[in-house]
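When a residue number appears, it is its place in the shown sequence, counting from 1. Worth saying up front: this structure is predicted, and the values here are computed from it rather than measured.
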Amino acid sequence: MDINRKEPAMHLLELICKMKYFTKLKPEDKNDNSFNTNLKVSSYIELNQMITSLLKTSISTLRNNTSESKIDAMILLEIALQLLPNDEMELLDELYNMSVNRAI
């Protein structure tokens with residue numbers, strides 16, 4: 001009887017491997033059960049608009065003041081935080097400093 005239960009499970013696993021399911025999440029190099037996924041954007045302007053929308057939606061959701069809405073807002077804020085282009089912000093600071101020093 002135990003063998004009969006294992007056969008459908010093995011068939012399902014073979015099907016999953018053969019059909020290339022579960023391809024969206026890529027395991028991270030670290031061994032902490034984290035995954036990466038790609039997000040396509042056409043420009044930094046679009047990325048900025050996405051982050052702005054996530055932040056505005058989070059603010060609006062938090063105004064509802066229910067425990068479920070707080071969880072939803074927290075998830076959106078975590079996504080926005082991950083999308084922020086930190087390295088590019090450092091570059092903008094450097095460019096700003098260069099332009100200020102030239103103006104003097």
Do any side-chain atoms of residues 48-55 form donor-acceptor pairs under 3.5 angstrom with protein atoms, and if so which ones, sequence neighbours left out?
{"from": "T52", "atom 1": "OG1", "to": "N48", "atom 2": "O", "distance (Å)": "2.8"}
{"from": "S53", "atom 1": "OG", "to": "Q49", "atom 2": "O", "distance (Å)": "3.0"}

Let me have the donor-acceptor pairs involving side chains of residues 72-97, under 3.5 Å, with sequence neighbours excluded, atom names and distances please.
{"from": "E88", "atom 1": "OE2", "to": "Y44", "atom 2": "OH", "distance (Å)": "2.5"}
{"from": "N97", "atom 1": "ND2", "to": "D93", "atom 2": "O", "distance (Å)": "3.3"}

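Between atom CG of residue N33 and atom CD of residue E28 there is a gap of 10.5 Å, rounded to the nearest 0.5 Å. Residue T61 holds its OG1 atom at 12.5 Å from NZ of K70, rounded to the nearest 0.5 Å.
Residues meeting the salt bridge (Lys or Arg N to Asp or Glu O under 4.0 Å) test with E46, sequence neighbours left out: none. Residues forming a side-chain hydrogen bond (donor to acceptor under 3.5 Å, both in side chains) with T66 (at least two apart in sequence, or on another chain): S69. Residues forming a side chain to side chain contact (heavy atoms under 4.5 Å, CB included) with S60 (at least two apart in sequence, or on another chain): none. Listed by chain and residue number, D32 satisfy the side-chain hydrogen bond (donor to acceptor under 3.5 Å, both in side chains) test with S34 (two or more places apart in sequence, or in another chain). By the side-chain hydrogen bond (donor to acceptor under 3.5 Å, both in side chains) test, T57 is found to be paired with no residue, residues two or more places apart in sequence or in another chain being considered.
Other residues, nucleotides and ligands contribute over 12 non-hydrogen atoms within 6.0 Å of the CG atom of L15. Around NZ of K26, the count of heavy atoms belonging to other residues, nucleotides or ligands within 6.0 Å exceeds 12.
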Subject >> Worked check of side chain to side chain contact (heavy atoms under 4.5 Å, CB included) between N38 and K24 >> reply: CA-CA 8 Å; N38 290 332; K24 193 66 162 178; over 6 Å; no

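There is a path of hydrophobic side-chain contacts, each under 4.5 Å, that joins L12 to M19.
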